Amino acid sequence: QSTWDIRPAQPAAGYLAPLKGFWWAHFDGTYIARQLEIYENAPPIFYVAGTDDESMCVYTLDESGLTSRKGAEITAKMFETEWCKHGGQEYLMQHRGRISSTYVRNNLL
């Protein structure tokens, strides 16, 4: 089972000024399979389990608190729309040999 969440983003490492944006996460069970950060006037930031583990959010779905936050859950279609709109499919293809999420490997490549 996959869960899809969105919340306001914290500035990514390397950005000095606070940025307004969103943090999108695709949880494949307990852990994040894909993560997307979108900020104003900045390129999107993609993370995929197995490729970007050192940079991804380390919280489990329960630890994130998103399951108890009203309005935090989004549909799979909403996540896919944003992921693809910002170039996520190309990112997946570039890193397909290192992706650890079974869901991503079986359904998106």
Side-chain angles (χ1 to χ4, degrees):
Q1 176 185 0
S2 293
T3 304
W4 316 82
D5 290 290
I6 181 174
R7 65 179 173 157
Q10 298 298 317
Y15 288 103
L16 300 176
L19 299 172
K20 292 182 181 180
F22 288 94
W23 178 87
W24 299 70
H26 162 203
F27 286 85
D28 185 6
T30 302
Y31 297 96
I32 295 177
R34 294 179 292 163
Q35 182 176 318
L36 171 61
E37 296 179 15
I38 304 169
Y39 299 100
E40 291 180 352
N41 303 315
I45 302 168
F46 301 99
Y47 300 110
V48 179
T51 299
D52 305 299
D53 295 337
E54 297 290 321
S55 302
M56 293 177 74
C57 176
V58 297
Y59 294 124
T60 64
L61 180 57
D62 288 336
E63 291 170 339
S64 73
L66 291 167
T67 55
S68 61
R69 251 181 100 182
K70 188 174 180 150
E73 189 169 345
I74 61 169
T75 66
K77 184 176 181 177
M78 289 170 67
F79 183 93
E80 289 304 324
T81 298
E82 290 300 315
W83 182 264
C84 293
K85 178 171 77 174
H86 294 285
Q89 193 61 28
E90 292 82 12
Y91 188 82
L92 287 178
M93 297 309 290
Q94 292 169 1
H95 299 92
R96 65 180 166 258
R98 297 182 358 203
I99 296 171
S100 63
S101 167
T102 302
Y103 177 89
V104 172
R105 285 195 321 264
N106 291 342
N107 296 295
L108 301 174
L109 295 177

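Note that the structure is predicted; figures quoted are calculated from it, not measured.
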Would you say Asp62 and Thr30 make side-chain contact, with heavy atoms under 4.5 Å?
no
Could you report the tightest heavy-atom contact between Tyr47 and Ser55, atom names first, then the distance?
CE2-CB, 3.2 Å
Nearest-0.5 Å distance, CZ of residue Arg69 to OG of residue Ser64:
9.0 Å
May I ask whether Met78 and Ile38 are part of the same hydrophobic cluster, defined by side-chain heavy atoms of I, L, V, M, F, W, Y residues being less than 4.5 angstrom apart, directly or through others?
yes
Flag, side chain of Asp52 to backbone of Val48, donor-acceptor distance under 3.5 Å:
yes
Do you know which two heavy atoms are closest between Cys57 and Trp23, and how far apart they sit?
CB-CZ2, 3.8 Å
Partners of Tyr91 by ring pair (Phe, Tyr, Trp, His ring centres under 6.0 Å), sequence neighbours excluded?
Phe46, His95
Find the distance between CZ (Arg96) and OG1 (Thr51) and round it off to the nearest 0.5 Å.
11.5 Å
Smallest separation among heavy atoms of Pro44 and His86, with atom names
CG-O, 3.5 Å
Distance col, row Gln35:CD vs Trp83:CH2, nearest 0.5 angstrom, shows 9.0 Å
Rounded at 0.5 Å granularity, tell me how far CE in Met56 sits from CD1 in Ile45.
13.0 Å
Could you tell me whether the side chain of Asn106 and the main chain of Tyr103 form a donor-acceptor pair under 3.5 Å?
no
Please round to the nearest 0.5 Å and tell me the distance separating atom CD1 of Ile32 and atom OH of Tyr59.
11.0 Å
Taken to the nearest 0.5 Å, the spacing of Gln89 CD from Gln94 CD works out to 11.0 Å
Pair Arg34 + Glu80, salt bridge at N-O below 4.0 Å:
yes
Would a single hydrophobic cluster contain both Tyr31 and Val104, if residues Ile, Leu, Val, Met, Phe, Trp and Tyr are joined by side-chain heavy-atom contacts under 4.5 Å?
no
According to a hydrophobic-cluster definition based on side-chain heavy atoms being under 4.5 Å apart (Ile, Leu, Val, Met, Phe, Trp, Tyr only), do Ile74 and Leu36 belong together?
yes
For Ser101, give me all partners under side-chain hydrogen bond (donor to acceptor under 3.5 Å, both in side chains), at least two apart in sequence or on another chain.
Asp28
